[in-house]
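Here's the structure we're looking at; comments come further down.
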Amino acid sequence: MDTLPLVTPEQVGLSAARLDRVRTWMHQWVDSGKLAGMVTCVMRKGQLAFAEVYGKADVARDKPMRPDTIFRIYSMTKPLTSTAIMMLYEEGRFQLDDPISKFIPAFANPRVYVGGSRGKMETVPAEREINFRDLLTHTSGLTYGFMESTPVDAAYRAKDGVDFQTADTSLKQVVEKLATIPLIAQPGKAWNYSVATDVLGYLVEVISGQPFEKYLKEKVIDPLRMIDTDFHVPKEKHDRFAANYSAGAGGKLDLIDDPTKSRYLAPRKVNSGGGGLVSTAADYLRFCQFMLNKGELDGVRLLGRKTVELMTMNHLNGDMADMGTPRFSESTYTGIGFGLGFSVMIDPAKAYIAGTPGEFAWGGAASTAFWIDPAEDMAVVLLTQLMPSSTYPIRRELRVLTYQAIVD
């Protein structure tokens with residue numbers, strides 16, 4: 001991409017002929033009309049071995065996808081927010097087993113939903129309070145409003161509910177409203193994908209004394225020179241912003257966010273640590289290399305090696321299937337654990353997919369994805385714009401296509 005010259009794949013133990021299967025695959029998805037456009041990058045041993053840009057960033061305006069196209073990365077925001085909170089952890093500001101009510105009193109004495117309807121939820125006191133590790137591992141008992149299985153989810157979706165993406169109040173007000181809604185499970189007992197990382201964003205704000213978006217920009221995004229990563233797209237970059245789609249009837253693309261009218265075009269009052277950023281392939285590759293380097297990039301160290309090792313090991317009691325009822329997430333559940341901000345591969349055989357134990361990853365709601373494999377010294381970034389991410393199995397397909405290209 002813009003920041004890395006391409007090397008021949010063979011220089012880094014990959015096969016050019018085999019990587020060409022990724023190109024063919026991308027063209028098939030776009031030519032079928034199911035995806036507007038895609039950017040895919042494969043980096044190994046610190047070198048960019050594959051970078052393909054194909055299709056349209058905006059179909060209606062016939063704008064081609066570019067290497068510097070700006071994408072909504074949604075939940076790929078979470079690893080950056082997790083990095084920010086772990087930088088404060090390294091300063092000794094909190095311990096992972098500290099209750100978050102030390103910093104957000106509204107979360108003291110939480111209650112857990114056990115039955116009843118939204119109008120009359122039955123609850124019991126939580127066995128213990130939510131701690132920092134619960135938030136980082138999605139075992140806090142929080143959930144997401146777009147799940148539809150309980151009255152708790154419905155309470156998030158209600159008119160006076162919780163939405164970090166569109167709220168126009170303040171991060172503090174949204175988090176304090178969240179604290180009034182019962183938990184969906186006892187803290188530490190079950191894996192539920194959730195707004196937990198949005199709460200971490202507010203904790204960054206409370207602990208650092210700076211607005212969350214300011215801390216993230218000054219302490220993480222700017223030092224890593226992620227030059228196009230922000231919570232909004234500034235005016236001079238509007239022409240690089242991609243359209244966002246959903247799959248309509250017969251797989252036809254339906255526009256759901258026009259890049260010329262999007263709420264991402266201007267700063268917002270509430271910035272989502274769980275899903276608010278826009279970014280580019282080049283920027284996210286820099287974050288991947290920072291993680292592969294165990295917390296350092298281009299002479300700038302943000303995290304210590306032992307902290308990165310802690311973040312990228314499995315913190316669950318077993319895999320996600322052992323600790324959760326498979327509801328929506330950006331990962332499959334079997335054979336996959338969770339660390340502090342990332343899913344972690346435990347067992348590729350159980351996960352039914354080529355991979356390496358210790359590989360860590362996540363994705364975003366508009367079908368974006370990344371994974372980082374320390375054992376293979378490799379990272380892959382996939383950017384496109386189609387919601388929801390469960391529409392097509394493009395992440396699993398790309399995993400197979402990238403791993404089969406390793407020949408050393």
Under a 3.5 Å distance rule, please check whether [X] uses its side chain to pair with a backbone N or O of [Y] as donor and acceptor.
| X | Y | answer |
| --- | --- | --- |
| Tyr89 | Phe132 | no |
| Arg301 | Lys294 | yes |
| Thr69 | Ala242 | no |
| Arg66 | Arg240 | no |
| Thr150 | Asp153 | yes |

Of all residues at least two apart in sequence or in a different chain, which pass the side-chain hydrogen bond (donor to acceptor under 3.5 Å, both in side chains) check with Asp408?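 Arg44, Lys45.
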With the threshold set at 4.0 Å, does a side-chain nitrogen-carboxylate oxygen contact exist between Asp160 and Lys177? yes
If you measure from the Lys or Arg side-chain nitrogens to the Asp or Glu carboxylate oxygens, is any gap between Arg23 and Asp20 under 4.0 Å?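 A salt bridge is present here (some side-chain N lies under 4.0 Å from a carboxylate O).
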May I have all residue pairs that pass ring-ring contact (aromatic ring centres under 6.0 Å, His included) and include part of residues 49-69, sequence neighbours excluded? His27-Tyr54
Aromatic centroids of Phe287 and Tyr284 separated by under 6.0 Å: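 Yes, they do, as the ring centres are separated by less than 6.0 Å.
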Please find out if less than 6.0 Å separates the ring center of Trp371 from that of Phe342.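 Between Phe342 and Trp371, which both carry aromatic rings, the centre distance is not below 6.0 Å.
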Any donor-acceptor N or O pair under 3.5 Å, side chains [X], [Y]:
| X | Y | result |
| --- | --- | --- |
| Tyr193 | Ser75 | yes |
| Thr143 | Asn192 | no |
| Asp373 | Tyr403 | yes |
| Thr356 | Glu359 | no |

Apply salt bridge (Lys or Arg N to Asp or Glu O under 4.0 Å) to residues Asp298 and Arg286 and explain how you reach the verdict. CA-CA 10 Å; Asp298 296 341; Arg286 289 188 64 77; 2.7 Å; yes
Sequence neighbours excluded, the answer for side chain to side chain contact (heavy atoms under 4.5 Å, CB included) partners of Glu218 is Gln210, Lys214
Test of understanding: with salt bridge (charged side-chain N to carboxylate O under 4.0 Å, His left out), list the residues that count as partners of Lys237, not counting sequence neighbours.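 Salt bridge (charged side-chain N to carboxylate O under 4.0 Å, His left out) list for Lys237, sorted by chain: Asp228.
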Apply salt bridge (charged side-chain N to carboxylate O under 4.0 Å, His left out) to Arg61 and list each qualifying residue two or more places apart in sequence or on a separate chain.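 Applying salt bridge (charged side-chain N to carboxylate O under 4.0 Å, His left out) to Arg61 gives Asp58, Asp258.
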Test side chain to side chain contact (heavy atoms under 4.5 Å, CB included) applied to His138 and Val195, Thr197, Leu316, the passing residue: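 In the set Val195, Thr197, Leu316, the residue that makes a side chain to side chain contact (heavy atoms under 4.5 Å, CB included) with His138 is Thr197.
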List the atom pairs, donor and acceptor, that lie under 3.5 Å between side-chain atoms in residues 266-276 and the rest of the protein, sequence neighbours left out.
| from | atom 1 | to | atom 2 | distance (Å) |
| --- | --- | --- | --- | --- |
| Arg268 | NH1 | Gln165 | O | 3.3 |
| Arg268 | NH2 | Phe231 | O | 3.2 |
| Asn271 | ND2 | Glu213 | OE1 | 3.3 |
| Asn271 | ND2 | Arg268 | O | 3.4 |
| Ser272 | OG | Gln165 | NE2 | 3.4 |
| Ser272 | OG | Asp198 | OD1 | 2.6 |
| Ser272 | OG | Gly274 | N | 3.3 |
| Ser272 | OG | Gly275 | N | 2.8 |

Do Glu205 and Lys172 pass the salt bridge (Lys or Arg N to Asp or Glu O under 4.0 Å) test, and can you show the C-alpha distance, the side-chain angles, and the key distance before you say yes or no? CA-CA 9 Å; Glu205 189 167 292; Lys172 180 178 194 285; over 6 Å; no
Looking at every non-hydrogen atom in both residues, tell me the closest pair between Leu265 and His232 and how far apart they are.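 Scanning both residues completely, I find the closest heavy atoms to be O-CD2, 4.1 Å.
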